[in-house]
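Nothing here was measured: the structure is a model prediction, and the numbers come from that model.
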Amino acid sequence: MCRCPKCHKGSLFKSGLTLDVVDNCDNCGLPLHKHDSADGPAVLIIFILGFALVPLALLVEVLFAPSLIFHAFFWGFVIFVLILFMIKPLKALVIELQYAHRPTDIEES
């Protein structure tokens with residue numbers, strides 16, 4: 001939902017198309033700048049899309065035998081669109097998991 005992991009009401013990201021996390025939750029004041037997702041969302045996307053799209057690309061190749069240029073443009077476009085829709089929710093998921101499993105002293109300091 002891309003909301004604060006503590007109160008589930010405040011926005012997690014700054015407005016616009018940015019992936020920048022807000023400094024503090026607008027609703028409960030949780031310091032969100034301390035939660036860094038690093039490369040976690042990108043790795044999750046690689047695993048998910050690799051597991052889902054490689055068999056589809058092989059199936060398309062076997063059934064229709066399109067040119068390599070078709071594969072490059074079609075699957076490149078599909079991957080680009082899926083990444084745009086997946087990156088924010090996966091980043092929010094990683095931050096939620098960090099909040100759930102970190103010691104409570106991080107929240108207070």
A.B. asks: Can you give me the closest heavy-atom contact between Cys7 and Cys28, atom names plus distance?
C.D. replies: SG-SG, 3.8 Å

A.B. asks: Is any side-chain heavy atom of Val60 closer than 4.5 Å to one of Trp75?
C.D. replies: yes

A.B. asks: Is there a side-chain contact between Pro5 and Leu30 (heavy atoms, below 4.5 Å)?
C.D. replies: yes

A.B. asks: Quick one: CD on Glu96 to SG on Cys2, what's the gap to the nearest 0.5 Å?
C.D. replies: 11.0 Å

A.B. asks: Are Val78 and Leu44 linked, directly or through intermediate hydrophobic residues, by side-chain heavy-atom contacts shorter than 4.5 Å (ILVMFWY only)?
C.D. replies: yes

A.B. asks: First locate atom OG of Ser37, then atom CD of Gln98, and finally report the distance between them rounded to the nearest 0.5 Å.
C.D. replies: 7.0 Å

A.B. asks: Whether the side chain of Lys91 engages the backbone of Leu19 through a donor-acceptor N/O pair (distance < 3.5 Å, no angle test) should be reported.
C.D. replies: yes

A.B. asks: Count I, L, V, M, F, W, Y as connected when their side-chain heavy atoms are under 4.5 Å apart, and connections chain through other members. Are Ile87 and Leu53 then in the same cluster?
C.D. replies: yes

A.B. asks: Is it true that, when you exclude Leu58 itself, more than 12 heavy atoms of the residues, nucleotides or ligands shown sit nearer than 6.0 Å to its CG?
C.D. replies: yes

A.B. asks: Do Cys4 and Asn27 have side chains that approach each other closer than 4.5 Å (heavy atoms only, starting at C-beta)?
C.D. replies: no

A.B. asks: Drop me the distance from Lys14's NZ to Asp23's CG, to the nearest 0.5 angstrom.
C.D. replies: 5.5 Å

A.B. asks: Measure the spacing between CZ of Phe74 and CG of Leu56 and express it to the nearest 0.5 Å.
C.D. replies: 9.0 Å

A.B. asks: Can you confirm whether more than 12 heavy atoms, excluding those of Asp39, are under 6.0 Å from its CG atom?
C.D. replies: no

A.B. asks: Check whether more than 12 heavy atoms from other residues, nucleotides or ligands sit under 6.0 Å from atom CG of Leu59, and answer yes or no.
C.D. replies: yes

A.B. asks: Within 45 degrees of the axis of the six-membered ring of Phe13 and under 6.0 Å from its centre: does Lys88 put its NZ or CZ there?
C.D. replies: yes

A.B. asks: If two hydrophobic side chains count as joined below 4.5 Å and joins carry through other members, does Val21 share a cluster with Leu93?
C.D. replies: no

A.B. asks: Do Ser11 and Arg3 come within less than 4.5 Å of each other through their side chains, counting heavy atoms only?
C.D. replies: yes

A.B. asks: Would you say that His33 contacts Asn24 through its side chain, given a criterion of any heavy-atom pair below 4.5 Å between the two side chains?
C.D. replies: yes

A.B. asks: Is any side-chain heavy atom of Leu12 closer than 4.5 Å to a side-chain heavy atom of Val22?
C.D. replies: no

A.B. asks: Among pairs that include at least one residue of residues 53-68, which meet side chain to side chain donor-acceptor pair (under 3.5 Å), considering only residues two or more places apart or in two chains?
C.D. replies: Glu61-His71

A.B. asks: What about Val54 and Val62, same hydrophobic cluster or not, with Ile/Leu/Val/Met/Phe/Trp/Tyr joined at side-chain heavy-atom distances under 4.5 Å?
C.D. replies: no

A.B. asks: Can you list everything that forms a side-chain contact (heavy atoms from CB on, under 4.5 Å) with Met86? Sequence neighbours excluded, please.
C.D. replies: Ile45, Ile48, Leu49, Leu82, Leu90

